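Contents: one structure, followed by commentary.
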Amino acid sequence: MSTSSGQTQFRYTQTPSKVLHLRNLPWECTEEELVEICKPFGKIVNTKCNVGANRNQAFVEFADLNQAISMVSYYASSSEPAQVRGKTVYIQYSNRHEIVNNRSMGDVAGNVLLVTIEGVEAGDVSIDVIHLVFSAFGFVHKIATFEKAAGFQALIQFTDAETASAARNALDGRSIPRYLLPEHVNACHLRISFSAHTDLNIKFQSHRSRDYTNPYLPVNASAIEGTLQPALGPDGQKKEHESNVLLASIENMQYAVTVDVLHTVFSAFGTVQKIAIFEKNGGMQALIQYPDINTAAVAKEALEGHCIYDGGYCKLHLSYSRHTDLNVKAHNDRSRDYTLPEASILAMQHMPGAASAATTSWQSPPMYGAMAQNPDRAQMPAWDPSMQAGRPAAYMPPGSTYPYAPPPYSGAPSNQAPMGAGPQRMPMYGNQPASPAGMPTTSPPGY
DNA sequence: AGCACA
């Protein structure tokens with residue numbers, strides 16, 4: 001009722017407790033890692049890991065109050081903070097005095113796991129990949145996959161709860177190895193709990209469900225569809241279907257990426273016909289259409305893993321799209337058809353949808369006007385310095401050394417020019433929100 | 001970076 005000072009006063013006070021509250025833990029933090037940093041201070045009687053919406057908090061209960069006090073005092077005066085996987089962990093007394101492990105549904109062990117695969121859509125992770133990953137722990141009887149609000153999910157049936165628990169303990173919070181996934185998938189964390197099911201009812205062998213105990217189960221027609229677009233070939237090699245349309249997923253998107261930005265980047269390899277930018281699973285993706293597969297292949301090869309902006313910002317992951325001709329209906333900063341003549345563009349701008357999209361545009365596209373007036377310019381296959389008018393960026397023309405600085409990550413392609421070789425500064429675009437106030441926006445971040 | 005579970 002009353003928001004008396006008595007309540008708020010105690011919210012952040014540090015009444016000692018055997019239970020410690022740890023926060024800012026890495027998402028993947030395991031119970032072992034938690035125990036590792038706590039056990040020097042005393043006997044741990046209980047833990048609760050991966051707590052909270054971000055799964056980055058934990059509770060640790062010591063046998064004795066003094067042990068908890070010793071840990072808190074140690075890190076209160078230590079120059080080295082507590083760390084897990086390089087992340088500073090903040091430790092306080094919990095406002096409760098014991099951990100209650102309410103083993104709710106999802107935590108009561110059973111032989112069927114409910115696996116949520118975060119950061120992917122259904123097509124990204126094949127049932128064969130799931131089978132491969134979980135078979136490491138024992139015979140997988142059945143798999144059923146489905147898409148819900150929570151995302152792409154799978155029910156995985158093992159022989160017994162022991163096997164299922166082993167798989168859960170090993171894989172919960174972990175990622176499926178990158179080489180088993182399409183290239184545009186950045187990360188896909190597995191969130192695993194126990195299902196209440198004990199025996200899945202699989203009716204067909206299909207791309208959505210499998211019964212490995214019954215190879216004679218009828219094959220659903222939709223399974224054929226699944227074999228038409230295999231993420232992996234029979235030998236386990238990546239088998240991508242080439243296309244003139246590239247699917248780009250943009251990782252670490254600190255800065256705005258508009259069609260203009262993408263057009264400039266991808267035009268270095270040939271005529272860009274159409275671009276569509278959209279959001280998928282909280283990340284940004286774009287489809288870039290070239291006239292032919294060869295151009296797309298060159299662009300894909302050259303740009304994969306590279307960043308639009310220096311410093312690891314807007315890292316590109318490219319794969320071939322299933323599309324061959326994009327249906328671009330709006331003309332705004334998220335979608336553009338460069339093959340259209342001016343009249344069509346003007347007509348499009350009066351279409352519903354184009355206007356609303358324009359209001360969300362905080363970055364006016366400088367190339368837009370020039371191209372609308374001269375459709376031939378839109379067909380310009382490659383580099384044209386005049387297209388950069390008003391742009392502070394120093395762009396590398398195609399044919400020069402790599403215009404795009406290699407990403408600083410370990411996953412970077414090894415066959416690319418090393419950082420600092422040649423004039424490798426990333427192209428920059430105006431109006432970068434992260435630029436320090438008052439600073440010219442021509443300097444790349446990190447300068 | 002700021003408290004779970006019913």
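We name chains A, B, ... by the order of the sequence lines, and we start the count at 1 in each one. Please read these numbers as outputs of a predicted model, since none were measured by experiment.
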Interatomic distance where [atom1] belongs to [X] and [atom2] belongs to [N] [whole Å]:
{"X": "A:Ile99", "N": "B:dA6", "atom1": "CD1", "atom2": "C1'", "result": "17 Å"}
{"X": "A:Gln92", "N": "B:dA4", "atom1": "CD", "atom2": "P", "result": "14 Å"}
{"X": "A:Asn46", "N": "B:dC5", "atom1": "CG", "atom2": "P", "result": "14 Å"}
{"X": "A:Lys48", "N": "B:dC5", "atom1": "NZ", "atom2": "P", "result": "6 Å"}
{"X": "A:Ile91", "N": "B:dG2", "atom1": "CD1", "atom2": "P", "result": "15 Å"}

On DNA chain B, compare the nucleotides closest to A:Val51 and A:Lys87; which residue's is nearer the 5' end?
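Counting from the 5' end, the first nearest nucleotide belongs to A:Lys87.
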Do A:Thr30 and A:Glu33 have side-chain N/O donor and acceptor atoms under 3.5 Å apart?
yes
Side chains of A:His317 and A:Glu251: donor-acceptor distance under 3.5 Å anywhere?
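Yes - a donor-acceptor pair under 3.5 Å links their side chains.
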Does A:Gln57 contact B:dG2 through a side-chain donor or acceptor facing the base, at a distance under 3.5 Å?
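There is none.
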Does NZ or CZ of A:Lys274 fall inside the cone over A:Tyr338's six-membered ring, less than 6.0 Å from its centre and within 45° of the axis?
no
Kindly write out the residues that satisfy side-chain contact (heavy atoms from CB on, under 4.5 Å) with A:Glu279, not counting sequence neighbours, or none if the list is empty.
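For A:Glu279, the residues satisfying side-chain contact (heavy atoms from CB on, under 4.5 Å) (neighbours in sequence not counted) are A:Met284, A:Arg334.
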Can A:Tyr90 be said to stack with the base of B:dG2, given centres closer than 5.5 angstrom and planes under 30 degrees apart?
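Answer is no, no stack.
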Return no unless some side-chain N or O of A:Arg23 is found under 4.0 Å from OP1 or OP2 of B:dC3.
no
Which part of the nucleic acid, if any, lies within reach of A:Glu61 when heavy atoms closer than 4.0 Å are counted: base, sugar-phosphate only, or nothing?
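Touches nothing.
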